[in-house]
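Below is one structure, written out as structure tokens; comments come after it.
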Amino acid sequence: MKILDRYILITFLRTFFSVFIIFMFIFVLQGVWLYIAELAGKDLDVSVTAKFILYYMPKLIPLVVPLTILLSSIMVFGNFAENYEFAAMKSTGISLQRAMRSLSVFIVGLGIACFFFANNVIPWGEYNFYNLRRNIAKVKPALAIAEGQFNEIGDINIKVEKKTGDRGQFLESVVIHDKNTSKNGNYKVIVSEKGELKSSINSNVLQLELINGNYYEEIVNKDRQKNVNRPHAKSYFDSYIINVDLEILNNEDLDEKNYKGRHSMLNIDQLTYTIDSLEDRRKEDHKVLSKTLFNRTTYNALNSNFEPIKKDTLYAGEILDLFDTSKKVQILNLASNSASSTNQIIDSNKKNFESKAIWLNKHIIALHDKFVLAFACIILFFVGAPLGALIRKGGIGLPMVIAIVLFLTYHFFGIFAKNSAEKGTFSPIIGSWLSTAVMLPLSVYLTSRATNDKGAFEIETILNPLKKLFRIKSKALEESNLELEKNSEAFKTLQEYDNDKLINVIKNYRDFDYTVEYKNSAISILSLRGVTKQELKLAGNLTDQNYIETIRLKNEYEEDSKLALILYVIALIFMIPGRILENNKFPTEGNVLFIIGIVIFIIFIMALIKSFARHSDLYKHLGENKSMNAVLFLLLGLPLYFVFYFIQKIQITKLLKSNTK
């Protein structure tokens, strides 16, 4: 391996593993927060908690690895370009593809490793993670209930003041709200002095025995007049037993009949076998349904029950006219009953077929996801590496922003496509590959642009017409047209100054807390006295280039950020009503509005990236290093940009005031 290849590979690996550890830590914390109700305050051993995290980590790889590759490649190649290392390479005849050669081999190897990881380790982690949660609930049933708070378990809400015993099985001061699935509200309340949790390791039933208590239940009648006197029932008991199904503690798996057969727990061979079996069952179900529907029509018995008045093979009139009135009534009643029965059968089987179709689609998506992960690693590298070379910025700020935006776009397409594919909107194969397919042309485009030393995007060709459309005008850098009124006291005072004092005003007007109108008026007065603007420049009295550059960067940021805000609002105006219409039985209109909103949102992301780059240049020009701005951008930029916009506007105003004093 040559020295250059070794240097690039080592630099990338350092960044890659650092970013990987950080992202893995963040996502693990997010997972712990997600399952905090099962972990916090439940006396779990350290080893059990460690296993919980260990089994949870493999499912994070499809998220963490592609994001790490994208961010690392942008950071590393951005650093190379920012420090002119790429320029040095190109001067010796080394192209971008040559510089990426060693990393390309590594990324391909990483993609293959991710494929085997997805095929073997992730199913192992899913299987053990599910069973660990299940076994925690079965072996330690007291863990399902925390002290001093209501805990929802199936159809009951239970609260206990204190737990004792070696397994926390003895309860004191028990309050239970027993929910009714047919009506909303807590109509049944059970209170007892003591309770005991009983269960067997081999049983999925948690038995709760309540001792010395009472219960109260409101009786609600369909006739509202009978509820005026508030009828109720109450009783006292010495012992009362409640059985709770422990399967409900695994919220994600309530519909699973066999926990060993979940699609996320299977490898490629098992998924292929299961998919074939599910497809065969679906075909068999269709045959059974079609046979049932045919039998319900009683088609074979029609000729034996009804004889026409006349038999004519060439008859072309109404068929019912061949029968007398009584037979017509019987035929119509039979047809009506048959149609009604057929509709009932179809409706009763519709949900069953839909659930089976979703289950099959999930298995197909899980099968293709194992291949998608490998290709995603490679494609996202060829998105990040040339993009880093094009933006010429390393570090954490702008590269992280761009990486997060790109990955969120990639992830959003993936989630949207998979959810739609599960419901049968389109093929589950397309749903699995859509997000990666979207990134493929982007990787080819960026690699081509970086190879030819061209800009990443010609964003101005899209944004400038929109600025004109929304009448976002560029501000003049020096606002040279603004002067004091001729009859004002301030202008008369300037006229009384001699030339040296007027030149001092021009050079140091901000130190005197003067506005730009004072400066321009002083220049105008000197011009009338024969001192031209060119002479002032040659004498070094108009060397305010740093201020002019600051104002230029500020104006450019304001233009792009204002455009981003307008596009953000318009995107929400289309996307939110689109979702509302789709959920209210207007799918076509809703999808059209939502897709238009997505297109506008993508343009908003372009304007957002451009405005953030301007913002970064402004802070860099003023010598400010605000790493928290990147954090604020990530937290508020996409979901709450209108908040981020005004926060940044206030910060920039304060910063300019402090730098111009």
Side-chain angles (χ1 to χ4, degrees), residues 9 11-36 49-78 103 106-129 252 264-265 365-366 368-385 387-388 395-396 399-415 417-418 432-433 435-436 438-439 443 630-631 634-635 638:
L9 181 60
T11 304
F12 181 83
L13 289 177
R14 287 174 180 169
T15 306
F16 176 84
F17 286 114
S18 300
V19 174
F20 178 83
I21 292 171
I22 293 171
F23 278 137
M24 181 59 74
F25 180 73
I26 293 172
F27 279 99
V28 167
L29 286 182
Q30 185 267 343
V32 172
W33 180 259
L34 183 65
Y35 297 102
I36 192 69
T49 306
K51 286 181 180 179
F52 192 94
I53 295 173
L54 176 65
Y55 296 149
Y56 179 75
M57 288 173 64
K59 68 164 64 178
L60 299 176
I61 293 298
L63 279 175
V64 175
V65 171
L67 178 58
T68 302
I69 290 174
L70 183 62
L71 178 57
S72 301
S73 56
I74 294 176
M75 290 175 62
V76 170
F77 283 81
L103 287 183
F106 169 74
I107 293 297
V108 171
L110 181 61
I112 296 172
C114 286
F115 166 75
F116 286 103
F117 189 91
N119 190 42
N120 297 286
V121 181
I122 293 179
W124 169 85
E126 286 281 353
Y127 178 79
N128 286 282
F129 182 68
E252 296 180 356
S264 57
M265 300 179 182
I365 291 172
H368 285 269
D369 277 348
K370 301 181 187 302
F371 298 95
V372 169
L373 178 59
F375 282 94
C377 294
I378 299 171
I379 290 174
L380 289 178
F381 170 74
F382 282 97
V383 170
L387 187 59
I396 295 294
M400 176 173 283
V401 170
I402 295 175
I404 295 295
V405 170
L406 284 174
F407 186 78
L408 286 178
T409 304
Y410 163 81
H411 191 58
F412 171 79
F413 273 108
I415 295 297
K418 289 176 183 177
S432 299
W433 289 93
S435 57
T436 306
V438 169
M439 287 294 167
S443 65
V631 178
L634 295 176
L635 294 176
L638 287 176

* To the nearest 0.5 Å, what is the distance between CD1 (Ile379) and CE (Met439)? -> 10.0 Å
* **Short side-chain to backbone donor-acceptor contact, Asn120 and Phe116, under 3.5 Å** => yes
* Asked: Considering all heavy atoms of both residues, which atom of Phe381 and which atom of Ser73 are nearest to each other, and what is their separation?
  -> CD1-CB, 4.0 Å
* Can you name the nearest heavy-atom pair linking Ala118 to Pro123, along with the distance? -> O-CD, 3.2 Å
* Is there side-chain contact between Val108 and Ile112, with at least one heavy-atom pair below 4.5 Å? -> yes
* Asked: Would one find more than 12 heavy atoms of other residues, nucleotides or ligands at under 6.0 Å from atom CZ of Phe106?
  -> yes
* Do Leu387 and Phe77 come within less than 4.5 Å of each other through their side chains, counting heavy atoms only? -> no
* Asked: Do Trp124 and Tyr55 come close enough that some side-chain heavy atom pair is under 4.5 Å?
  -> yes
* Is it true that Trp433 and Phe371 have ring centroids separated by less than 6.0 Å? -> no
* Leu63 side, atom CG; Phe407 side, atom CZ - distance, nearest 0.5 Å -> 5.0 Å
* Taking all non-hydrogen atoms of both residues into account, name the closest pair between Met75 and Thr15 and its distance. => CE-CG2, 4.1 Å
* **Spacing of CG belonging to Leu70 relative to CD1 belonging to Ile74, to within rounding of 0.5 Å** => 4.5 Å
* To do: Verify side-chain contact (heavy atoms from CB on, under 4.5 Å) between Ile69 and Val65, making sure each step is shown before the conclusion.
  => CA-CA 6 Å; Ile69 290 174; Val65 171; 3.9 Å; yes
* Reported CD-to-OH distance for the pair Gln30 and Tyr56, which is rounded to 0.5 angstrom -> 5.0 Å
* Asked: Taking C-beta and beyond as the side chain, do Ile61 and Val121 meet within less than 4.5 Å on heavy atoms?
  -> no
* Asked: Which pair of heavy atoms, one from Val28 and one from Met57, lies closest together, and at what distance?
  -> CG2-CG, 3.8 Å
* Asked: Can you tell if the side chain of Phe12 reaches within under 4.5 Å of the side chain of Ile107, non-hydrogen atoms only?
  -> yes
* Do Phe17 and Thr68 have side-chain heavy atoms sitting under 4.5 Å apart? -> no
* **Approximate separation, where rounding is to 0.5 Å, of Thr436 OG1 and Leu380 CG** => 7.5 Å
* To do: Can you measure from CG (Leu408) to CD1 (Ile415) and round to the nearest 0.5 angstrom?
  => 11.0 Å
* How close do Ser435 and Gly414 get, heavy atom to heavy atom, and via which atoms? -> CB-N, 3.6 Å
* Structure fact -> Phe117 and Pro58 have their tightest heavy-atom pair at CE2-O, 3.8 Å
* Take Phe23 and Leu71, measure what side-chain contact (heavy atoms from CB on, under 4.5 Å) needs, and give me the verdict at the end. => CA-CA 11 Å; Phe23 278 137; Leu71 178 57; 3.6 Å; yes
* On the 0 to 90° scale, with breaks at 30° and 60°, tag the Phe20-Phe16 ring pair as parallel, tilted or perpendicular. => parallel
